[in-house]
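In what follows, a single structure is set out as structure tokens and then discussed.
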Amino acid sequence: MQNMIEDVTSDGLLTALESNMVAFWSAYGRAKGTTLQATSGVVWFYTGIQVPLLNGVFPAKLQPDEVEATFTGLQAKIDERGAPTLWWIGPQSKPDNIGLLLEQLGLQLAGEVPGMAVDLAVLDDRPETLSNFTIQKVSGAEMQSRWARLAGVGTGFPDAVSEAMERLEATLTDPQYQAQQRYIGFLNGDPIATSALVLDSGVAGIYVVATIPEARRKGIGRLMTVIPLLEARRMGYRAGILQASSMGYPIYQRIGFRDVCKYRLYLQS
């Protein structure tokens with residue numbers, strides 16, 4: 001049984017946030033043709049898909065000499081397949097000067113992403129919805145493929161990347177992936193939005209909230225976030241977490257999410 005994070009001021013929230021993030025993304029390192037490396041100090045996955053977000057190193061707790069060793073192992077994959085990678089450096093990352101060490105290895109600071117949390121008790125039990133809008137849970141390889149393709153389009157990735165995501169997602173069958181839940185939003189019967197819910201480490205994590213361009217500004221991103229979180233609350237979860245894009249940030253603030261940390265993203269290519 002998980003130890004639930006009871007409130008968003010808990011001392012364990014940052015650890016739970018990072019562990020939940022690892023649970024979501026590491027599933028993509030267990031597919032055929034991808035790589036997952038996990039030690040007590042670092043977890044990284046590499047899909048070879050040509051966008052940095054789909055190849056990642058997670059909040060590392062390393063010795064200084066281990067930073068270069070991790071860099072070297074990952075660089076071999078990059079040299080082979082050409083896809084760049086993001087290092088997510090958070091408040092618990094070690095050593096304290098890891099950003100400087102990465103810069104000395106040639107990485108560039110690509111930006112910052114806020115880690116956010118919300119007390120699920122503040123969510124409206126009956127969020128205002130749209131006429132003819134429904135959400136379905138993803139089930140089976142065909143829907144997995146549809147979800148991934150839609151997520152790529154909604155995120156603004158090139159067609160080749162969305163197609164690669166579609167092929168990869170259909171191959172994911174391991175128990176950790178199956179324990180997660182993905183959602184597709186439909187408007188007038190047409191698939192237009194995605195999100196994912198990860199119940200891990202005592203928190204409810206929301207990922208890949210994406211809406212196709214022609215269906216934006218209707219409140220769909222809010223619904224794709226809130227409805228899964230309400231499901232998590234019914235299951236006993238008290239805290240929701242996510243990492244916010246600049247587009248989603250004001251939506252999450254209106255829902256009730258608040259910043260709890262920052263992640264610096266370093267690009268290795």
Side-chain angles (χ1 to χ4, degrees), residues 1-27 58-59 88 90-92 113-130 133-139 147 151 154-155 175-186 192-211 218-263:
M1 181 67 180
Q2 295 184 38
N3 292 320
M4 295 292 184
I5 298 297
E6 295 296 329
D7 64 71
V8 295
T9 63
S10 168
D11 291 340
L13 179 68
L14 293 183
T15 298
L17 189 157
E18 293 182 356
S19 296
N20 191 283
M21 181 166 59
V22 168
F24 176 75
W25 288 108
S26 61
F58 293 103
W88 292 70
Q92 297 186 322
V113 170
M116 306 183 79
V118 65
D119 182 344
L120 297 183
V122 308
L123 300 182
D124 188 347
D125 284 329
R126 297 181 179 179
E128 183 179 352
T129 189
L130 296 173
F133 177 78
T134 58
I135 291 182
Q136 292 183 19
K137 291 183 178 181
V138 170
S139 177
W147 180 90
T155 305
Q176 187 170 343
Y177 174 84
Q178 295 294 342
Q180 302 171 10
Q181 186 57 65
R182 282 150 174 76
Y183 301 83
I184 295 177
F186 294 83
I192 48 88
T194 63
S195 62
L197 174 67
V198 179
L199 303 175
D200 190 276
S201 305
V203 292
I206 292 291
Y207 299 88
V208 198
V209 178
T211 304
K218 301 178 185 294
I220 290 168
R222 174 181 59 84
L223 292 170
M224 297 300 297
T225 304
V226 169
I227 291 174
L229 288 176
L230 288 173
E231 181 175 347
R233 188 174 72 180
R234 288 192 290 271
M235 298 171 66
Y237 286 81
R238 301 287 299 276
I241 60 95
L242 52 75
Q243 299 82 46
S245 66
S246 57
M247 184 183 298
Y249 186 77
I251 298 171
Y252 303 136
Q253 281 190 314
R254 289 194 291 272
I255 289 170
F257 279 90
R258 296 294 178 263
D259 290 25
V260 294
C261 65
K262 289 277 189 187
Y263 290 97

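No hydrogens, no waters, no symmetry mates; every other heavy atom, side chains included, goes into these values.
- Considering CD1 of Ile192 and NZ of Lys218, their distance stands at 9.0 Å, rounded to 0.5 Å.
- Pairing each heavy atom of Ala16 with each of Ser201, the nearest pair is CB-O, 3.3 Å.
- Side chains of Ser26 and Gln176 form a contact here, defined as non-hydrogen atoms less than 4.5 Å apart.
- Shown here for Ile206 and Pro228, the closest heavy-atom pair between the two residues is CD1-CB, 4.0 Å.
- Here the straight-line distance linking atom CG of Leu130 with atom CZ of Arg222 works out to 7.5 Å at 0.5 Å rounding.
- Rounding to the nearest 0.5 angstrom, the gap separating the CG atom in Leu17 from the CE atom in Met116 is 11.0 Å.
- Here Gln180 contributes atom CD and Asn20 contributes atom CG; the two are 8.5 Å apart, rounded to the nearest 0.5 Å.
- To the nearest 0.5 Å, atom OG1 of residue Thr225 and atom CD1 of residue Ile255 are 4.5 Å apart.
- In this structure, the side chains of Arg258 and Val118 stay at 4.5 Å or more apart for every pair of heavy atoms.
- Under the 4.5 Å side-chain criterion, counting only non-hydrogen atoms from C-beta, Tyr249 is not in contact with Ile251.
- Partner Tyr207 forms a ring-ring contact (aromatic ring centres under 6.0 Å, His included) with one of Trp147, Tyr183, Phe24 and no other, that one being Phe24.
- Gln178 CD: more than 12 foreign heavy atoms inside a 6.0 Å radius.
- A 4.5 Å side-chain heavy-atom check between Leu13 and Val203 finds at least one atom pair inside the cut-off.
- Ser19 and Asp200 get closest at one heavy-atom pair: O-OD1, 3.9 Å.
- By the 4.5 Å heavy-atom criterion applied to side chains, Pro91 and Leu14 are counted as neighbours.
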Phe186 and Ile135: CA distance, side-chain angles, deciding distance, side-chain contact (heavy atoms from CB on, under 4.5 Å) verdict: CA-CA 6 Å; Phe186 294 83; Ile135 291 182; over 6 Å; no
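- Of the possible polar contacts, one joining the Asp7 side chain to the Thr9 backbone as a donor-acceptor pair under 3.5 Å is found.
- Trp88 and Tyr263 have perpendicular rings, their planes meeting at more than 60° on a 0 to 90° scale where under 30° would count as parallel.
- In terms of heavy-atom proximity, Val209 sits nearest to Gly221 at CG1-O, 3.7 Å.
- Side-chain contact check for Val260 versus Val8: every heavy-atom pair is 4.5 Å or farther apart.
- Scored by the side chain to side chain donor-acceptor pair (under 3.5 Å) test, Lys137 finds Glu231 as partners (sequence neighbours excluded).
- Residues Phe58 and Trp25 form a side-chain contact, since some pair of their non-hydrogen atoms from C-beta on lies under 4.5 Å apart.
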side-chain contact (heavy atoms from CB on, under 4.5 Å) assessment of Ile5 paired with Arg238: CA-CA 7 Å; Ile5 298 297; Arg238 301 287 299 276; over 6 Å; no
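- Proximity of Val226 to Asp124: side-chain heavy atoms (C-beta onward) are nowhere separated by under 4.5 Å.
- Arg233 places a side-chain N or O within 3.5 Å of a backbone atom of Leu120 that can act as its donor or acceptor partner.
- No donor-acceptor distance shorter than 3.5 angstrom exists from the side chain of Thr155 to the backbone of Val208, with no hydrogens or angles considered.
- To the nearest 0.5 angstrom, Ile184 atom CD1 is 10.0 Å from Ser195 atom OG.
- Partners of Ser245 according to the side chain to side chain donor-acceptor pair (under 3.5 Å) rule, which considers only residues two or more places apart in sequence or in another chain, do not exist here.
- Not a single ring-ring contact (aromatic ring centres under 6.0 Å, His included) links Tyr237 to another residue, sequence neighbours left out.
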